[in-house]
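Remember, predicted model here, so these are calculated numbers, not experimental data. Below, each value reflects all heavy atoms present in this structure, side chains not excepted, and no hydrogens, waters or symmetry copies. Position 1 is the first residue of the sequence; numbering continues from there.
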Amino acid sequence: MREAAFESQRIFSSPTTERFGRLLPSGHMDDTVYVGNAGEDAALDRGWLLGHFKNVADPRHSDAVEIKWGVHAQGDERAQWVTGEERTALLVLISGRFRVELPERSVLLSQQGDYVVWGRGIDHSWFAEEDSVVLTVRWPSVPGYKVSGDTARLVPLSLDDHGNPSDSRTESAAYP
């Protein structure tokens with residue numbers, strides 16, 4: 001009987017749908033709940049789990065925040081410094097040893113749960129000292145970031161007829 005109630009709900013699938021079964025509707029009439037696995041889902045979308053770059057009908061679409069599950073091999077490093085940042089960011093170490101470079105300061109995250117927060121206007125880069133997994137939260141979710149030349153910068157972004165970025169996810173793909 002409970003199963004029949006789910007038939008009319010919009011279902012967003014992931015590789016984990018089979019493992020968890022049918023996705024459950026939330027308590028709000030028009031909302032849905034997305035159940036997934038960060039490692040599996042991130043691999044499908046360059047690490048991104050949530051943000052403006054997801055389809056507007058997807059419960060993981062947000063103009064308020066972006067979330068990335070970053071898996072980095074030892075020696076991975078950001079190709080260029082991010083300059084002119086317009087967002088605040090939180091980076092949490094899940095596993096490994098990860099260094100965040102900030103102007104005049106280097107922050108080493110070495111224990112699970114270590115984190116660093118930096119605000120608007122703070123340039124940054126990073127380096128994985130060991131195989132690492134990091135969770136990055138940025139706000140707000142700003143369309144148009146793209147690596148170009150020797151820096152990351154804000155570039156114009158066009159939207160399709162449904163309000164989705166026309167070249168979805170490429171603007172933010174290189175960020176931790």
Subject >> Worked check of side chain to side chain contact (heavy atoms under 4.5 Å, CB included) between Leu102 and Trp118 >> reply: CA-CA 9 Å; Leu102 303 167; Trp118 63 92; 4.2 Å; yes
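- Residues Leu90 and Leu49 share a single hydrophobic cluster, defined by chaining ILVMFWY side chains whose heavy atoms lie under 4.5 Å apart.
- Note that the OG1 atom of Thr83 and the CD atom of Glu85 stand 9.0 Å from one another [nearest 0.5 Å].
- Here the side chains of Pro140 and Arg87 are in contact, with some heavy-atom distance below 4.5 Å.
- To the nearest 0.5 Å, the span separating OH on Tyr115 from CD1 on Ile94 amounts to 13.0 Å.
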Original post:
Could you go step by step and tell me if Trp81 and His124 meet the ring-ring contact (aromatic ring centres under 6.0 Å, His included) rule?
Top reply: CA-CA 6 Å; Trp81 275 69; His124 67 278; 7.7 Å; no
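- The closest side-chain heavy-atom distance from Leu91 to Val100 is below 4.5 Å.
- Taking CH2 of Trp126 as the start and OG of Ser106 as the end, the distance is 14.0 Å to the nearest 0.5 Å.
- Taken from OG in Ser125 to CD in Glu101, the straight-line distance is 7.0 Å, to the nearest 0.5 Å.
- To the nearest 0.5 Å, the span separating CG on Asp131 from OG on Ser95 amounts to 8.5 Å.
- Residue pairs meeting the salt bridge (Lys or Arg N to Asp or Glu O under 4.0 Å) criterion with at least one member in residues 90-100, sequence neighbours excluded, are Arg97-Glu129, Arg99-Glu129.
- Taking all atoms of both residues into account, the shortest heavy-atom contact from Val117 to Thr88 is CG1-CG2, 4.1 Å.
- Summarising the geometry of Asp123 relative to Pro103, their closest heavy-atom pair is O-CD, 3.1 Å, with the distance given to 0.1 Å.
- Within the 4.5 Å cutoff, the side chain of Phe98 has heavy atoms near those of the His72 side chain.
- Proximity of a side-chain donor or acceptor of Asp114 to a complementary backbone N or O of Ser110 within less than 3.5 Å is detected.
- Between Lys68 and Glu66 no salt bridge is recorded (no basic side-chain N to carboxylate O distance below 4.0 Å).
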Subject >> Worked check of side chain to side chain contact (heavy atoms under 4.5 Å, CB included) between Leu135 and Trp69 >> reply: CA-CA 5 Å; Leu135 179 73; Trp69 183 261; 4.0 Å; yes
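- Inter-residue side-chain proximity for Val65 and Leu50 is flagged as met; some heavy-atom pair is nearer than 4.5 Å.
- The minimum heavy-atom distance linking Ala73 with Ala128 is given by the pair O-CB, 3.5 Å.
- Here the closest non-hydrogen pair linking Asp41 and Tyr34 is OD2-OH, 2.9 Å.
- Contact of the Arg138 side chain with the Thr136 side chain is registered, since non-hydrogen atoms from C-beta on lie closer than 4.5 Å.
- Atom CD of residue Glu130 and atom CG of residue Leu93 lie 9.0 Å apart, to the nearest 0.5 angstrom.
- Linking ILVMFWY side-chain heavy atoms closer than 4.5 Å, directly or via other members, places Leu109 and Ile122 in a single hydrophobic cluster.
- Judged purely by atom type and a 3.5 angstrom limit, Ser62 has no side-chain atom pairing as donor or acceptor with the backbone of Gly51.
- Scanning all heavy atoms of the two residues, the minimum distance from Trp139 to Ala64 falls at CB-O, 3.2 Å.
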